[in-house]
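Below: the structure, in structure tokens.
By convention in this document, chain letters (A, B, ...) are assigned in the order of the sequence lines, proteins followed by strands, and residues within each chain are numbered from 1.
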There are 2 protein chains.
Amino acid sequence: MPISANDPTRKSWLDVPVNSDFPIQNIPFGVFITKDDVVTIGTRIGDFAIDMGALQQLGYFEGIELTDDMFMQDTLNDFISDGKKTWRLVRNRLADIFDVVNPQLRDNDAHKEIVIFNVNDIEMQLPVLIGDYTDFYSSKEHATNVGKMFRDPDNALLPNWLHIPVGYHGRSSTIVPSGIPVHRPMGQTLPNGETQPVFGPSRLVDFELETAFITTDANIMGENIPVEEAEDYIFGMVLLNDWSARDIQKWEYVPLGPFLAKNFASSISPWIVTLDALEPFRVASPKQEPTPLPYLQQTGDHAFDINLEVAIAPENAEATVVCESNFKYMYWTMSQQLAHHTVNGCRVNSGDMMGSGTISGSTENSFGSMLELTWGGKNPLKMNDGTERKFINDGDTVIMKGYCQNDQVRIGFGEVSTKLLPPFERK
Amino acid sequence: MPISANDPTRKSWLDVPVNSDFPIQNIPFGVFITKDDVVTIGTRIGDFAIDMGALQQLGYFEGIELTDDMFMQDTLNDFISDGKKTWRLVRNRLADIFDVVNPQLRDNDAHKEIVIFNVNDIEMQLPVLIGDYTDFYSSKEHATNVGKMFRDPDNALLPNWLHIPVGYHGRSSTIVPSGIPVHRPMGQTLPNGETQPVFGPSRLVDFELETAFITTDANIMGENIPVEEAEDYIFGMVLLNDWSARDIQKWEYVPLGPFLAKNFASSISPWIVTLDALEPFRVASPKQEPTPLPYLQQTGDHAFDINLEVAIAPENAEATVVCESNFKYMYWTMSQQLAHHTVNGCRVNSGDMMGSGTISGSTENSFGSMLELTWGGKNPLKMNDGTERKFINDGDTVIMKGYCQNDQVRIGFGEVSTKLLPPFERK
């Protein structure tokens with residue numbers, strides 16, 4: 001089935017600002033609450049949020065096999081379960097409905113009143129119920145930087161890293177959408193040079209610039225997903241800020257991995273951009289040397305050219321861009337991650353989320369965490385307001401953005417923007 | 001509110017075999033499918049499964065505030081969300097309904113026909129939808145044994161172990177109830193003395209003898225649960241076999257912890273035994289030296305005297321008991337685990353599951369894994385059928401049992417019994 005929604009010559013009858021992340025060629029999926037307190041699945045064009053539940057009730061999806069209440073739900077899980085063919089039919093249909101040449105909705109003011117909202121009048125929710133959240137560690141530059149700082153500068157990469165898309169399980173219950181503030185976590189840390197731990201607020205709260213992909217039901221328990229089929233089970237991508245408390249992490253993570261250092265919060269952008277929408281931006285990923293084991297070998301291009309940026313806005317001050325990176329730097333691809341994750345028969349369900357790991361490039365301004373950007377706090381960053389940052393301060397807002405651009409079209413993610421609050425106080 | 005269901009003098013009009021794990025003083029909760037293909041929440045007395053959905057429809061829970069379909073559901077999550085007061089009211093009511101002196105159901109054959117099933121005629125399901133699964137590592141003997149084998153015999157415990165109930169996140173999607181067979185996983189391993197990994201079936205599949213507790217909604221994001229309140233948020237316990245592939249684990253687990261070595265399967269016993277039912281078996285836990293940080297300090301007894309046993313049944317042969325341990329050996333208590341898990345504000349939801357970690361005692365026959373029982377395969381175990389085991393063979397069934405016993409009553413978990421199948425083959 002052709003991805004007609006991607007036609008770069010298509011224009012919408014809805015106004016799309018210059019440099020919008022959401023032209024009619026994007027058609028991402030999300031969940032929002034309208035000002036009338038109705039929860040619905042929807043999409044976005046320009047600065048308009050579109051109520052797909054209402055569209056379905058008004059008959060705009062006729063001819064596509066969907067359960068009656070498919071879009072009148074508070075998560076995308078059931079829609080994602082329907083599979084790639086259905087996603088594509090619905091996305092193509094949405095592009096047709098909003099195409100400038102199509103009068104059906106364009107000229108029906110009563111319907112437009114029900115279906116179309118200004119994005120400032122709605123509240124974005126988590127798009128999926130995330131059953132399991134996995135975080136990978138797939139940027140060679142990031143793994144190397146961390147290895148240099150914490151282990152051995154001459155043998156920064158661990159022996160398994162070039163053979164395995166290393167990953168671990170994260171916490172689903174604390175994944176929140178953009179806009180929800182996060183508290184600085186309390187925890188145990190071991191002060192430098194001491195032998196007894198202390199308890200208090202983390203002093204080293206950090207962001208991690210990541211993307212994540214959302215899966216559909218991929219396999220039964222025991223079965224693996226071959227690497228060449230893996231992309232068929234990926235619904236789309238979001239931006240992910242994998243909040244980290246470096247001092248808690250350092251004390252707790254040997255031997256079973258990060259736990260409380262990570263599970264206090266993970267923030268995501270609320271619109272899921274489909275792999276179909278990203279298709280024009282497919283590029284080669286870095287050469288893999290040594291050649292991975294056969295179950296991880298794939299042909300063709302499986303990376304995407306997604307520009308990524310992180311800014312920090314101190315309270316009541318303008319933001320400073322602190323990092324510019326790109327998803328295409330990732331050493332391991334999403335398909336390799338998914339093939340590896342399931343090679344032991346691990347079941348993957350609709351709505352599961354898998355993070356890329358921190359996405360660092362090779363230049364110093366492309367490192368995807370404060371840990372790397374300030375090299376463990378040694379080189380503080382200068383903010384536009386004259387202050388300095390080693391890590392994230394209370395009151396700072398961390399803003400991550402991501403977009404693809406060619407001469408014809410720009411497809412973006414919007415942002416994940418999260419304010420760090422002081423530690424929670426019981427009332 | 002008194003726990004009248006615990007009255008040891010109470011007898012049921014249902015027959016309870018000698019040494020049953022399920023006298024009327026137990027009243028565990030589970031989910032099952034009847035032979036008429038109806039899914040319901042239920043309890044068990046002796047060898048009878050009791051349909052609580054039917055009981056509710058027939059009015060037997062009158063006077064207890066419950067939504068109309070509370071027990072006509074396929075998970076216990078909503079019931080658990082109702083909180084401890086409701087759990088106790090319902091459990092006390094069930095004890096009254098089945099008390100030998102109460103004729104209400106006893107003498108109503110039409111109702112009994114609808115409500116009571118032989119346990120052989122039903123199929124147990126997962127009792128809860130597990131949002132997040134955490135596994136701790138809280139047996140000092142187990143952590144010491146592993147440290148001796150894999151790290152330094154003279155410094156077996158890592159520096160953080162005596163200060164932190166070390167834990168990590170596991171995979172919810174592959175948790176299955178007793179009776180569901182599990183495939184030997186495929187994966188990457190690094191053969192001894194080699195530098196290049198190979199791909200194939202794990203050669204070192206192991207069980208881990210654990211218990212797990214199921215939580216209710218405990219906190220909002222950011223808020224912690226004080227250690228002295230933690231038990232109020234624990235609904236009950238199950239037995240857990242945390243399947244492990246030791247060769248995959250060894251190659252993958254540094255630095256982010258076990259991943260594919262664990263997430264191919266975790267098996268649990270299907271009846272959740274409430275903390276209320278375990279109350280008569282409350283005992284002191286091992287002395288903690290050094291004294292933990294204040295947020296982990298608690299008074300009173302917070303361990304439970306639960307006898308645990310593991311047997312291996314080779315295909316078509318009788319089972320051999322290979323391990324006898326006890327939950328009371330655990331160094332860190334469940335309340336300390338939950339207080340630690342939430343001290344950074346990590347949200348805990350109804351139905352979340354937290355594993356104890358492998359429960360090893362101090363004697364060689366009390367070690368909770370083949371890794372420890374055979375000391376890494378060096379000392380194979382003799383089976384009753386004359387064969388030997390270093391790890392688990394294809395066709396073996398691993399059977400874990402657990403029960404508490406005093407002179408008046410025995411409260412048990414039944415079992416978690418799981419057959420290991422050869423690697424999955426695509427059809």
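If you take CZ on B:Arg347 and CD1 on A:Ile175, they are separated by 10.0 Å, rounding to the nearest 0.5 Å. Here the OG-CG distance, from B:Ser172 to A:Asn349, works out to 9.5 Å after rounding to the nearest 0.5 Å. To the nearest 0.5 angstrom, A:Phe424 atom CZ is 8.5 Å from B:Asn219 atom CG.
Few gaps surround CG on A:Asp152; more than 12 heavy atoms of other groups in view lie less than 6.0 Å from it.
Proximity to chain A at a heavy-atom threshold of 4.5 Å picks out B:Tyr137 from residues 137-149 of chain B, in numerical order. Using a 4.5 Å heavy-atom cut-off against chain B, the contacting residues of residues 249-260 of chain A are A:Trp251, A:Glu252, A:Tyr253, A:Val254, A:Pro255, A:Leu256, A:Gly257, A:Pro258, A:Phe259, A:Leu260.
Chosen from A:Gly345, A:Pro159, A:Gly187, the residue pairing most often with chain B at heavy-atom distances under 4.5 Å is A:Pro159. Chain A forms more heavy-atom pairs under 4.5 Å with one residue of B:Pro197, B:Pro294, B:Ala265 than with any other, namely B:Pro197. Residue with the most contacts toward chain B among A:Ile130, A:Val198, A:Val182, A:Asn160: A:Asn160 (heavy-atom pairs, distance under 4.5 Å). Of the residues considered (A:Gly167, A:Pro290, A:Pro185), A:Gly167 shows the highest number of contacts with chain B, using heavy-atom pairs under 4.5 Å.
In this structure, chain B has no heavy atom under 4.5 Å from any part of A:Arg184. Looking at A:Phe136, only its side chain comes within 4.5 Å of chain B, counting heavy atoms on both sides. Proximity to chain B involves both the backbone and the side chain of A:Pro226, based on heavy atoms less than 4.5 angstrom apart. Neither the backbone nor the side chain of A:Ser202 comes within less than 4.5 Å of any heavy atom of chain B. Looking at A:Ile220, only its side chain comes within 4.5 Å of chain B, counting heavy atoms on both sides. Heavy atoms of A:Ile164 lying under 4.5 Å from chain B belong to its backbone as well as its side chain. Interface remark: A:Ala245 contributes no atoms to any contact with chain B (heavy atom separation under 4.5 Å). Looking at B:Thr134, the atoms closer than 4.5 Å to chain A (heavy atoms on both sides) all sit in the side chain, from C-beta outward. Only the side chain of A:His183 comes within contact range of chain B, with heavy atoms under 4.5 Å apart.
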Step-by-step side chain to side chain contact (heavy atoms under 4.5 Å, CB included) determination, B:Asp352 to A:Arg171: CA-CA 11 Å; B:Asp352 286 352; A:Arg171 179 91 190 168; 2.7 Å; yes
Full working for side chain to side chain contact (heavy atoms under 4.5 Å, CB included) between A:His341 and B:Asn263: CA-CA 9 Å; A:His341 202 319; B:Asn263 67 16; 3.7 Å; yes
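For B:Tyr295 and A:Phe199, the ring centers are positioned less than 6.0 Å apart.
In this structure, B:Gln196 and A:His163 have side chains that are in contact, with non-hydrogen atoms separated by less than 4.5 Å. At least one side-chain heavy atom of A:Gln188 sits less than 4.5 Å from a side-chain heavy atom of B:Leu296. A:Met186 places none of its side-chain heavy atoms less than 4.5 Å from the side chain of B:Asn224.
Using modelled atom types, one side-chain atom of B:Asp132 and one backbone atom of A:Ser173 make a donor-acceptor pair closer than 3.5 Å.
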